[in-house]
Amino acid sequence: MGQTVLLSNGRVYSPADPDATALLIDDGLITWLGTDDDAPAADRTIDLDGALVTPAFVDAHVHVTDTGITLQGLDLAQTRTRGDLLDRLARHAADQAPDAVVLGHGWDESRWPDPTPPTPAELDRAARGRRVYLSRADVHSCVVSSALLRAADPATPGFGTDGWLRRDAHHEVRTIALGSLSATQRRDAQRTALRHAARAGVAAVHECGGPTISSEADFTELLKLGGTDRLPEVHGYWGELGAAAKARDLGAVGAGGDLFADGALGSRTAHLRQPYTDEPATTGHGYLTANQVAAHLVGCTEQDLQGGFHAIGDAALGTVLAGFALAAARVGVDRLRARRHRVEHAELVDKKLIGGLVEFGVVASVQPAFDWRWGGTDRMYAARLGADRALTANPFASMTGVGVTLAFGSDSPVTPIDPWATVYAAVFHRNPTQRLSVRQAFAAHTRGGWRAVHRDADGVLAPGAPATLAAWTYDGDLHRGLPAFTDAPVKPTCRLTTLRGTVLHWKAS
């Protein structure tokens, strides 16, 4: 039995006691909740000095190693021109070994005055001959130096002589680039990312790995690391078709995550029913058939394991839900629903597709920051889809209004691990008809993430619940116990993060 800890002089967000200012933690559980005047004795007392106390966040879709690499190295998210990218690459590459693969992430040509990415020759010059792999913001395409371009098979789908690689060609060079990391470098990147998450008030993450995303070694090493050494715990999804038994053997909670039914809107590989507005010759690409989806779901259901798919475009989601219908005919709707299978991203969803999510009990793992960064009538989605279609993307209010379980995540490093910014993005959706309340958005980023991994007792502060919480310095107004965000929010700052009573992050006032 460990020592009892009393958190006092705070503002506790708890439906069990809306007036609570203190709580007691004993052996990883909340054993008491109330006001300071009635607080029991404890072995240790922490004065929160008025801090807001909430359940800790869950990030329901991350790529931990990639996040750590980006945090440690060449982050290109703020580049605004091709020249700016090349300048940053040159400065970063100068500190790398001559035989290293220079890894960078985050460029987004849709923000540039001239949206032409750099050529292999330009990357060669900037990196002084080093091999270069720079993933686009959505991680569904990349630009590479001449050496990596030569390593790709020109007959592979997605190959481009201009060095902008998509689809299978991207996966091919990505495997080479990430394979250049040592085991020590991977672990260092993983620790960096998980510590960063803890400082942001995140106590658990859902890692989306797979043979084209990471590697078995990366995945299993991360699962062993998560939840140790005061780090957030990691729930792993292995994205390989027909590999439910393998996913279980690897320690995954599901055979899903980034099991690709399609690509991404930014790279024009998301599978659409209607062509892209800015490239009318393509509707993107579907990687799976309905029969493949069904076989995978049946295998997962029979293994009592979650299945899931990455599906962004409406055509891809249509294929996935057709597969659900075929699977239901084989194993029954009730067995299918009981597993809480998932769809990642689910951006272009109409009423009929939402009805399918409801019918089969599918959890929608979604990223509000996508809409905030690229949605609306004047950003990348409007360029790719046209303004009217862009406003139909990410229909959070429509989904939650009919009972679809939403689990919020960042897809980091696509967008940063920043949970309050994610809540804000959902509250101020680019389409006002799809906005959520702060309580709805907060629930999707806390309880929604726990429900997605069948941990229904987590994500709430109440006696008997796990002491997984965060304390925040916050000077703004509260509404029903949570920040009352306006168009110019004062974002809370994390002071404390705990996972079942274990302190992951502490910053004294």
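Remember, predicted model here, so these are calculated numbers, not experimental data.
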- request: Examine distances only and state if a side-chain atom of Arg495 and a backbone atom of Leu48 form a donor-acceptor pair shorter than 3.5 Å.
  value: yes
- prompt: How close do Pro483 and Leu52 get, heavy atom to heavy atom, and via which atoms?
  reply: CD-CD2, 4.0 Å
query: Atom CD in Gln440, atom CG in Leu406: separation rounded to 0.5 Å?
result: 9.0 Å
- request: For side-chain contact (heavy atoms from CB on, under 4.5 Å), just list the numbers for Trp32 and Asp38, CA-CA rounded to whole Å, side-chain angles, deciding distance to a tenth of an Å, and then say yes or no.
  value: CA-CA 10 Å; Trp32 174 88; Asp38 299 323; 4.2 Å; yes
field: Nearest atoms (heavy-atom pairs only) where Thr415 meets Ala369
entry: OG1-CB, 3.8 Å
message: Once rounded to the nearest 0.5 Å, what's the spacing between atom CZ of Arg111 and atom CZ of Arg373?
response: 5.0 Å
query: Taking Ser14 for the side chain and Ala462 for the main chain, is one N or O donor matched with an acceptor at less than 3.5 Å?
result: no
- prompt: Hey, does the side chain of Thr468 reach the backbone of Arg500 with a donor-acceptor pair shorter than 3.5 angstrom?
  reply: yes
message: Could you check whether Phe219 and Trp238 have their ring centres less than 6.0 Å apart?
response: yes
field: Euclidean distance, Ile25 CD1 relative to Thr4 OG1, rounded to 0.5 Å
entry: 10.0 Å
- request: Nearest 0.5 Å please: distance from the NE2 atom of His170 over to the OG atom of Ser141.
  value: 6.5 Å
side-chain contact (heavy atoms from CB on, under 4.5 Å) evaluation trace for Arg44 with Leu6: CA-CA 6 Å; Arg44 181 187 179 197; Leu6 178 69; over 6 Å; no
task: Answer whether the closest heavy-atom distance between the side chains of Leu305 and Arg339 falls below 4.5 Å.
output: no
- prompt: Does Asp456 pair with Arg451 as a salt bridge, N-O distance under 4.0 Å?
  reply: yes
- prompt: Relative to Trp112, does Arg80 satisfy both conditions: NZ or CZ under 6.0 angstrom from the six-membered ring centre, and within 45 degrees of the ring's axis?
  reply: no
Residues Gln434 and Ser398: side-chain donor-acceptor under 3.5 angstrom: yes
message: Treating Asp36 as the side-chain partner and Asn9 as the backbone partner, does any N or O pair qualify as donor plus acceptor under 3.5 Å?
response: yes
query: Can you name the nearest heavy-atom pair linking Ala264 to Asp138, along with the distance?
result: CB-OD2, 3.4 Å
- request: Kindly write out the residues that satisfy salt bridge (Lys or Arg N to Asp or Glu O under 4.0 Å) with Glu344, not counting sequence neighbours, or none if the list is empty.
  value: Arg342
message: Distance check, rounded to the nearest 0.5 Å: Asp108 atom CG versus Gln78 atom CD?
response: 10.5 Å
- request: Inspect the surroundings of NE2 in His454 and state if more than 12 heavy atoms from other residues, nucleotides or ligands are less than 6.0 Å away.
  value: yes
- request: Looking only at non-hydrogen atoms, find the nearest pair between Leu134 and Leu85 and report the distance.
  value: CD1-CD2, 3.7 Å
message: Between Asp411 (side chain only) and His61 (backbone N and O only), is there a donor and an acceptor less than 3.5 Å apart?
response: no
Backbone of Leu250 reached by a side-chain donor or acceptor of Thr220 within 3.5 Å: no
field: Asp188 and Gln72: CA distance, side-chain angles, deciding distance, side-chain hydrogen bond (donor to acceptor under 3.5 Å, both in side chains) verdict
entry: CA-CA 9 Å; Asp188 189 36; Gln72 291 173 339; 3.1 Å; yes
query: Does the ring centre of His345 sit less than 6.0 Å away from the ring centre of His310?
result: yes
query: Do Asp75 and Arg88 pass the side-chain contact (heavy atoms from CB on, under 4.5 Å) test, and can you show the C-alpha distance, the side-chain angles, and the key distance before you say yes or no?
result: CA-CA 9 Å; Asp75 185 348; Arg88 294 181 188 222; over 6 Å; no
query: Does atom CG of Asp477 have more than 12 heavy-atom neighbours, drawn from other residues, nucleotides or ligands, at distances under 6.0 Å?
result: no
task: Determine the minimum heavy-atom distance between Leu33 and Ala20, stating which atoms define it.
output: CG-CB, 3.9 Å
message: Quick one, Ser135 with His105, criterion side-chain hydrogen bond (donor to acceptor under 3.5 Å, both in side chains). Give me CA distance, side-chain angles, the key distance, then yes/no.
response: CA-CA 5 Å; Ser135 53; His105 166 73; 2.8 Å; yes
query: Which atom pair, heavy atoms only, marks the closest approach of Gly257 to Cys208?
result: CA-SG, 3.8 Å
query: In this structure, which one of Asp66, Thr67, Asp59 forms a side-chain hydrogen bond (donor to acceptor under 3.5 Å, both in side chains) with Ser412?
result: Thr67
message: For the backbone of Phe396 and the side chain of Thr400, can you confirm whether one donor and one acceptor N or O come within less than 3.5 Å of each other?
response: no
Positive for ring-ring contact (aromatic ring centres under 6.0 Å, His included) with Phe442, one of Phe408, Trp420, Phe485: Trp420
Under 3.5 Å donor-acceptor pairs involving side-chain atoms of residues 222-232, not counting sequence neighbours:
| from | atom 1 | to | atom 2 | distance (Å) |
| --- | --- | --- | --- | --- |
| Thr228 | OG1 | Leu225 | O | 2.6 |
| Asp229 | OD2 | Arg191 | NH1 | 2.7 |
| Arg230 | NH1 | Val503 | O | 3.1 |

task: Look only at the side chain of Glu207 and the backbone of Val64, and say whether a donor-acceptor pair between them is shorter than 3.5 Å.
output: yes
- request: Dump the intermediate steps for side-chain contact (heavy atoms from CB on, under 4.5 Å) on Leu496 and Leu469, then the final yes or no.
  value: CA-CA 8 Å; Leu496 171 70; Leu469 55 84; 4.1 Å; yes
- prompt: Checking His341 side chain against Gly307 main chain: does a donor-acceptor pair fall under 3.5 Å?
  reply: yes
field: Main-chain N/O of Gly73 paired to His92 side chain as donor or acceptor, under 3.5 Å
entry: no
statement: Of Thr21, Leu478, Val53, Thr54, the one forming a side chain to side chain contact (heavy atoms under 4.5 Å, CB included) with Arg11 is Leu478
query: Do the side chains of Thr493 and Trp472 get nearer than 4.5 Å, heavy atoms only?
result: no
Distance in Å, Gln306 CD paired with Leu297 CG, rounded so as to fall on 0.5 Å steps: 11.5 Å
Side chains of Ser8 and Asp47, donor plus acceptor under 3.5 Å: no
I'd like a table of donor-acceptor pairs (distance under 3.5 Å, sequence neighbours excluded) in which one partner is a side-chain atom from residues 353-362, with atom names and distances.
none

